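Since the structure comes first, as structure tokens, the remarks are kept for the end.
Residue numbers begin at 1 in each chain, while the letters A, B, ... track the order of the sequences. Owing to the predicted nature of the structure, the values given are computational and were not obtained by experimental measurement.
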Amino acid sequence: MAMGMHGPVPIPRLRRVCCSPSSSHLDGCTSYRWHSANCALPTETLSRPPSLGFKVSQSTDNDWRSLEESARKDKNERNRRHHRQIGPNDLAANTPFSGLVVVNGRPTKMTDTRPAIREGYDVARLSPEANDLAEGFGNTEACRARFSSPSASLQFRKTSSWDHINGGNKCSAVQQTTSTSNATRINGASGGKQLACKAVVDVLEHQDTDEHFNSMNFVTKHLDGDENVGSTSHDTDSLDRRVSDIQSNQEVLLQPAENVSALSKMAAEDHTQVDSSNRLTEAAELPLSDNSPGQSNVARLACTADDIIIVDNIATATTVLAKLRGEYKDAVHACDTEVADIDVKKESPVGHGRVICFSIYCGPNADFGDRKNCVWVDVLDSNIELLNIFREYFEDSSIKKVWHNFSFDRHVLANHGIRVAGFYADTMQLARLWHSGRKGAEGSYSLESLTSDMKAMNGVYDWDSQTLTKKTSMMELFGTKKLKKDGTEGSMKVLPPVEELQRSETTRERWICYSSGDALCTWRLWESLYGQLSKRKWYFQNDLRGSMYEFYDTYWRPFGELLADMEGHGMLVDIEYLAEIEKIACKERAISISRFRKWVAKYCSCADYINVTSDAQIRQLLFGGFKNVSKCRSFKVPNVDGYIEEGKKAPLKFRSIEVCGIGVKLPCHSLTSGGLPAVGMQSLKSLAGKVSIDYVATEDEEEFIPEDVDAELTSGGIKDCKASKGPKQEDLSAYGQAYSAFKGGEEGKEACKAIAALCEISAIDTLISGFIQPLQGGDSMGPDNRVHCSLNLNTETGRLSARRPNLQNQPALEKDRYKIRQAFIASPGNSLIVADYGQLELRLLAHLADCKSMLEAFKIGGDFHSRTAMNMFANVKAAVEKGEVLLEWEPKPGQDSPPAPLLKDVYAAERRKAKMLNFSIAYGKTARGLSKDWKVTTPEAQETVNLWYKDRPEVRKWQEAQKKSARDNHCVYTLLGRARHFPDVSSTSEFHRGRIDRAAINTPVQGSAADVAMLAMIELWRSVELKELGWKLLLQVHDEMILEGPTKTAAYAKDLVVKAMSHPFEGVLAKSEIKRRSCVL
DNA sequence: AACTTCACG
DNA sequence: ACGTACGTGAAGTTT
């Protein structure tokens, strides 16, 4: 297989697409969009790395030797990598890449590309997604509205949201996404199938927030105690010995054929028990927590006061510090902090929280006097100076520190100006690597849950289930029953603030033991996971690369540190801009509500009081009397206008209203999992059709518009719009099913418009409550005025997730009606670079399946979906061959229009089908599901699916192999060799087996894409050049990287980013080799 | 807490 | 008997 680069990467050409008006504060705001038509082949990227065995010290490659030598000196190493022009990893060629936006300095907005499209800019140069958007614009004339912001003469173009979803095509059945019904969702708080998991739900809530639950009330889960805690004889050296034993056992290189079975066998052995508790297991079969019954319920601590040296003065601190940095400097240190003044449920630790104490444990044989091996440091009140004394310890990069949920402690310590260095491992991430499916009955990834789990802990050196060192929850130790109003004890337990626990004489000792226990438990957990992961083999492309712990060391450790850095940086948000947006959104919402109410009033007396955001009430209204919905039902609503019920003196807070159906039987689009008619966007849309919504407020609607909305906002822009809209044409096809349900005519039209308005309300609502408001709110906002989300590695496939707030589900660029993404700005003098991969998952599928046809299509480049359509449909292919249509068109200078119509215009339906399949197949969608979406019979859908597979037989074969692997080996692997485990399928239902099959198909694709994104991020993070220029990673959205840095170097930095993303395997593999060699030697 | 709906890749 | 595309986070309402 050719391993060289497949031709040079085309030189990115920046093309100015749109420039904002010069009259506003948006001066100088420029948006660039770059699209590379020629994406290199993934196979080259992913082709086997230089074939190196496990023991590579005798590598013949001189480059490797020099690489290793220079790697020993950290500084030099970075410079060297910077300047190295060629090396073994250059064989790893480009990863597909397309689409890049650079936005200039403050106040920076990503300028809307849509006006550019409207103005006739050639959209062919935009990414395929943008092209799809452009398609959508063909049919949005009727929906067009324009409004302008008063301070900035920024012009927007508004479209109704469903036009984008459907790409503006009449074939409304074809959609990009279908929602996953809740009943089928494996994770999440919802899902009625988690009955057996109820006991741990409360713990699950806090899984990623460390154990710093201060002054918070929550229900506790009782864990049975284990009376026997022992300080067992440990020996830090023995650990190292054991590791080298493990490593020397791995010298044997297996043949590829044996690899899979050997590895999976090992995995199966490792997980005989774990597998049975995988999340995919049906709830009924989930074993309940295996805390030994019959044990005493008395709270027990992992360590006692005899083990702990309390550091509360400078003298002791100095002594302890000397030992930590002297005698024990080479040991692994587990650290943990306790933090006050933070609500972990809401606030980001960046800028919030104050350390009140911390603990350090570096092995059982450490002795800080009197055989005390746990260090506990009080930094409350005047002892705060001890924190400064320990600063050198925390900032010492040579001391290996293990944390549980590192980023939390890192941020809190950063609040005190301490920049933690020497990050060695995060036991939470290790646990996720060990077993990604820990949800439900098995517990969460909290320290408490993990250390209580025999399976997680049995990797410790002197494993003995009797002396399991587990964390005891704070609630168990310090919780007191909350008193109810009548004075009796309630079932709720409450926790005093941690600061109080530390100060109070009655709890101080227990508190110290608890806190020290955290470090001890973290250390033991690390020891166990280290042992277990070291035993698991790590393969990359059938090449044994070492153990999974080495995988952690090579990838996830730097990744974890990088993520903490990103969280720390945060994103700058333009609050004022969001406030403007919110006003507009609220105004439109108000208008829509008033329209809807006006319509409802004709049929129901409750019109003025109905809660339009209540799906239950809407369901009652639209479907009352039909489809299992009772005719009338009463609801409690806020008593807004002080209505006084009969026999009452004062108005009550709530009043009840009677909601009856409109009396017309509407067609029901779909049912919810509960069997009731669904009233989501899909259903409403099919009722309303493509009715246009404009926001020209009529006279009597004015009263609904909030006072504080600028008059200019509401009138100016909209009048213009109306003028440009021209005479209304009667197009009955635009009306949806409600039209005929109302027997057509005006009544039918009104119904459609009203339901469309309802649709708008819901759309606006989600934008306001989901994005506009949380981004303005202070909880996720640090003192630096930046939004700091929490980035977690908590997914089954290895993707990231973002929380508080979730910055990964911001409205997509193309569908962002209120331009919410423009609120993400760079600080003055800075710019943002947003770079995303094009069709990364599909390319990986092509590579993994080694599908000739797909690889060829990617090699040629251009619009992949069009090419798929061509290969699927003979008539399309014929048209292309005859030159009647063009697959894609790259405008050349002097060319205004393509010489022939484009495929995607002429065969739009075909292309959409192909596109749909491209996405669906990788996820394992069935013909049955497609038939539902496309409103065709299952055999017809199957026929289309067969067409897709026709020239891609390898994909089918590969998918079958994955299913088999899931069935036989209980796991599948990503590109980098991460495993996802599955429960034994033989014991599950047919439905569940199907789910496992689809997950097995999807995980290697999604997980490998996550791997590539991670590699790229590590590259970007490590890039000395980017660092020196001041460019920092801010956020990742699965296949999209967002960086911030000085505007003046943006163009250059962009090239570096493109390069790093295009060569994700560069450098990282080298790292792994270095690591491996140094381990063995 | 359960249910439904919605945003993203 | 029911779910039939994967993977997430979050909000609002009602029980």
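- The partner of C:dC6 is B:dG9, judged by Watson-Crick or G-U wobble contacts that both fall below 3.5 Å.
- Contacts of A:A802 with the nucleic acid, taken as non-hydrogen atoms under 4.0 Å apart, involve only primed sugar atoms and P, OP1 or OP2.
- The shortest distance between the side-chain N/O atoms of A:S801 and the OP1/OP2 oxygens of C:dG9 is below 4.0 Å.
- Between A:Q617 and C:dT14 there is a side-chain polar atom (N or O) within less than 4.0 angstrom of OP1 or OP2.
- Checking A:T797 against A:P805, the closest nucleotide of DNA chain C that is more toward the 5' end is the one next to A:T797.
- Taking the centre of each ring, A:F919 and A:H865 come in below the 6.0 Å mark.
- Across the pair A:C606 and A:C660, the gap between the SG atoms, which is the quantity tested here, reaches or exceeds 2.5 Å.
- Considering only side-chain N and O atoms, A:R995 lies nowhere under 4.0 angstrom from the phosphate OP1 or OP2 of C:dT4.
- Residue A:T613 places none of its side-chain N or O atoms closer than 4.0 Å to OP1 or OP2 of C:dA11.
- Contact annotation: A:K636 does not reach the phosphate of C:dT15 (side-chain N/O to OP1 or OP2, under 4.0 Å).
- No N or O donor and acceptor, one from the side chain of A:Q808 and one from the base of B:dC8, sit under 3.5 Å apart.
- With respect to the salt-bridge test (charged N to carboxylate O, under 4.0 angstrom), the residues A:E841 and A:R799 qualify.
- Ion pairing between a basic and an acidic side chain is recognised when a charged N comes within 4.0 Å of a carboxylate O; A:R817 and A:E760 show such pairing.
- Considering only side-chain N and O atoms, A:N794 lies under 4.0 angstrom from the phosphate OP1 or OP2 of C:dG9.
- Under 4.0 Å is where a charged nitrogen must lie from a carboxylate oxygen, and between A:R978 and A:D1011 at least one such pair does.
- Between A:S614 and C:dT14 there is a side-chain N or O to OP1 or OP2 distance below 4.0 Å.
- The side chain of A:R980 contributes an N or O atom lying less than 4.0 Å from OP1 or OP2 of C:dG7.
- For C:dC6, one of the phosphate oxygens OP1 or OP2 lies less than 4.0 angstrom from a side-chain nitrogen or oxygen of A:R998.
- Residue A:R633 places at least one side-chain N or O closer than 4.0 Å to OP1 or OP2 of C:dT15.
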